[in-house]
Amino acid sequence: MSLIKGIKGVKDLLPEETPRWRLIEEAARRWAHRYGFHEIRIPIFEVTTLFARSIGASTDIVEKEMYTFQDRDGTSLTLRPEGTAGTVRAYIEHNRAAIPVPQKYFYFGPMFRHERPQAGRLRQFHQFGVESLGMADPQADVEVIALLWRILSDLDLPGLTLEINNLGYTVDRDTYRPHLVSYLKQHESRLCANCRHRMEANPLRVLDCKVPECRAITEAAPRLTDSLSETARSYFTRVLSGLDLVKIPYSLNHRLVRGLDYYNLTTFEVTATNLGAQNAVGAGGRYDGLVETLGGPSTPAVGFAVGLERVAMLLSASSVEKVPQGATVYVAGFGDRGAVVGLTALEELRLAGFQAVSDFRSVTLKAHLRQADRLQCRFSLIIGDDEVVKESAILRDMKTKVQHDVSLSALSPEIHLLLAGS
RNA sequence: GUGGGUGUAGCUCAGCUGGUUAGAGCGCCGGAUUGUGGAUCCGGAGGUCGCGGGUUCGAAACCCGUCAUCCACCCCA
């Protein structure tokens, strides 16, 4: 009999770490709400072609990282590798374009990518994401970027940096690509093997190669900026001045190229220190063509996603360890009659709104008090056979060791009174 | 998919060039304190040394394989 273990790259979140996650989720929710985003809950799996069409058939995600399987009727389904595709699908399917107010959504949930696990990278990981659909104005970009920045800074993550770039329109990239390729061809022999391949498949990706040799070459390469149309340029300028206005610090990075095909114009990424190699905490951009590619009405859109595991990693390094709230009342019922009365006292306290706990394995008062201490309870309610006879229990303040008799017939009012007094 | 590190008690880790009953700290249980927790002291329990094979008189240690895990490449949030 071999032990059944969890799947590689798929983690359990144990009660010790769950408060940290709640903190992150609450911050994200709070800020999303302030910015006027509403929660959407979309399925965890979809028809495979949705992802192939939106993310891009030649991306790594679609080529080799998706969890794809056959449904019983043979249709190909896949576990979502990201949240945008499903959100857009829902937007189209429910004809949300017809609603005369901006459609601004946020979501939380697990995503699935078959990658080799490492620091900050799992096969089942969690994202918080935001999609702002319908507004083709730079202010919409600013709004989304500001929201991302606000959430992450509110959580006080170390070494946050916002990098931003302008990918222009598809036509802009089409005019730029030949310039880049012909330049790269001249230096082909000095490029890494990977980049030589990328040069054919997706030349823009060569720009964010980390190999120093490649970087040196691309440093002098023709820049996308110089091929951008006037409209693309002025759009980006207005995004930047909007960020200045609302005081979001950023730095330009002309190498910033996203790994998903649907982005255009504004792209951005927030990185942090102390994250190891996977240092992107949140990233996103504008994707004006996606709704239409998926069969919906032409709809401009911007969004981002945040990697929650990565945020959680950073948060552990900083200051979270201050919320281990223990229970307020430990009920120590022991002896034949005390145990019985203890059970009813527990229930009575809970109905009255207290958090009340006990360890039913403990038979002696000593053992009970030890557990009360471990559980960091504020009070212990001692009920032994003697107390049952007297019809009054002993309420012990675990910190001050002060004890009061409280009558068993009026437990919760008397505890309320003592609490109010202290 | 490729490379490297690490697998010894519940946890964190020692264990020298192979040598006899495998250790520490923390945690756990019990006692000192038969109805009063945390501290102290005393005592105790707990290990297929990841798994399989090989070398050897002898393997936790050496060799081969395998699995797990971590980190990096790649990719991305």
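So you know, we letter chains A, B, ... as the sequences are listed, proteins then strands, and number each from 1.
Base-pair partner of B:C74: not found among the strands shown (Watson-Crick or G-U wobble, both distances under 3.5 Å). Taking a pair to require two hydrogen-bonding distances under 3.5 Å in either a Watson-Crick or a G-U wobble arrangement, B:G23 pairs with B:C13. In this structure, B:G52 forms a base pair with B:C64, meeting either the Watson-Crick or the G-U wobble geometry with both donor-acceptor distances under 3.5 Å. Base-pair partner of B:A32: B:U40 (Watson-Crick or G-U wobble, both distances under 3.5 Å).
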Every protein N/O lying under 3.5 Å from an N/O of nucleotides 30-37 of chain B:
residue: B:G30; atom: OP2; partner: A:R370; partner atom: NH2; Å: 3.3
residue: B:G35; atom: O6; partner: A:D386; partner atom: N; Å: 3.1
residue: B:G35; atom: O6; partner: A:D386; partner atom: OD1; Å: 2.8
residue: B:G35; atom: O6; partner: A:D386; partner atom: OD2; Å: 2.4
residue: B:G35; atom: N1; partner: A:E387; partner atom: OE1; Å: 2.9
residue: B:G35; atom: N1; partner: A:E387; partner atom: OE2; Å: 3.2
residue: B:G35; atom: N2; partner: A:E387; partner atom: OE1; Å: 3.2
residue: B:G35; atom: N2; partner: A:E387; partner atom: OE2; Å: 2.7
residue: B:U36; atom: O2; partner: A:R396; partner atom: NH1; Å: 3.1
residue: B:U36; atom: O2; partner: A:Q403; partner atom: OE1; Å: 3.2
residue: B:U36; atom: N3; partner: A:Q403; partner atom: OE1; Å: 3.0
residue: B:G37; atom: N7; partner: A:R396; partner atom: NH2; Å: 3.0
residue: B:G37; atom: O6; partner: A:R396; partner atom: NH2; Å: 3.0
residue: B:G37; atom: O6; partner: A:M398; partner atom: O; Å: 3.1
residue: B:G37; atom: N1; partner: A:M398; partner atom: O; Å: 2.4
residue: B:G37; atom: N2; partner: A:D373; partner atom: OD1; Å: 2.9
residue: B:G37; atom: N2; partner: A:M398; partner atom: O; Å: 3.4

Sequence neighbours left out, cut at 3.5 Å: what donor-acceptor pairs do the side chains of residues 146-154 of chain A make with other protein atoms?
residue: A:S153; atom: OG; partner: A:W149; partner atom: O; Å: 2.4
residue: A:D154; atom: OD2; partner: A:R30; partner atom: NH2; Å: 2.9
residue: A:D154; atom: OD2; partner: A:W31; partner atom: NE1; Å: 2.7

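Across B:G23 and B:C63, the matching P atoms stand 25 Å from one another, rounded to whole Å. Remark: the separation of the C1' atoms in B:C75 and B:U56 is 47 Å, to the nearest Å. For the C1' atoms, the distance linking B:U48 with B:C67 amounts to 16 Å, nearest Å. Straight-line distance between the P atoms of B:G10 and B:G50: roughly 13 Å, to the nearest whole Å. Separation of the C1' atoms belonging to B:A9 and B:C26 is 12 Å when rounded to the nearest angstrom. Atom C1' of B:A60 sits at a distance of 42 Å from the matching atom of B:A77, rounded to the whole Å. Nucleotides B:A24 and B:G43 have their P atoms positioned 13 Å apart, rounded to a whole Å. Between B:A72 and B:G15, the distance separating the two P atoms is 26 Å to the nearest Å.
No hydrogens or angles were tested; on distance alone, a donor-acceptor pair under 3.5 Å links the side chain of A:R121 to the base of B:C75. In the interface, the side chain of A:Q118 is not paired with the base of B:C75 through any donor and acceptor atom under 3.5 Å apart.
No close placement of the A:H179 and A:Y183 rings is indicated, their centers lying 6.0 Å or farther apart. Remark: aromatic rings of A:H38 and A:F106 are distant, center separation not under 6.0 Å.
A residue-by-residue look at A:H114 and A:K11 shows that A:H114 has its nearest nucleotide of RNA chain B further toward the 5' end.
No side-chain N or O of A:Y91 forms a donor-acceptor pair with one of A:E93 less than 3.5 Å apart. Side-chain contact check for A:E46 and A:T78: no donor-acceptor pair (N or O, by modelled atom type) lies under 3.5 Å. One side chain, A:Y235 or A:D141, offers a donor N or O that lies under 3.5 Å from an acceptor on the other.
A donor-acceptor pair under 3.5 Å is absent between the side-chain atoms of A:E26 and the main chain of A:R29, judged by distance alone.
When heavy atoms are screened at a 4.0 angstrom cut-off, A:K8 is found touching the sugar-phosphate backbone but no base atom. When heavy atoms are screened at a 4.0 angstrom cut-off, A:G120 is found touching base atoms of the nucleic acid.
Nearest nucleotide to the A:D60 side chain, out of B:G3, B:C75, B:A77: B:C75.
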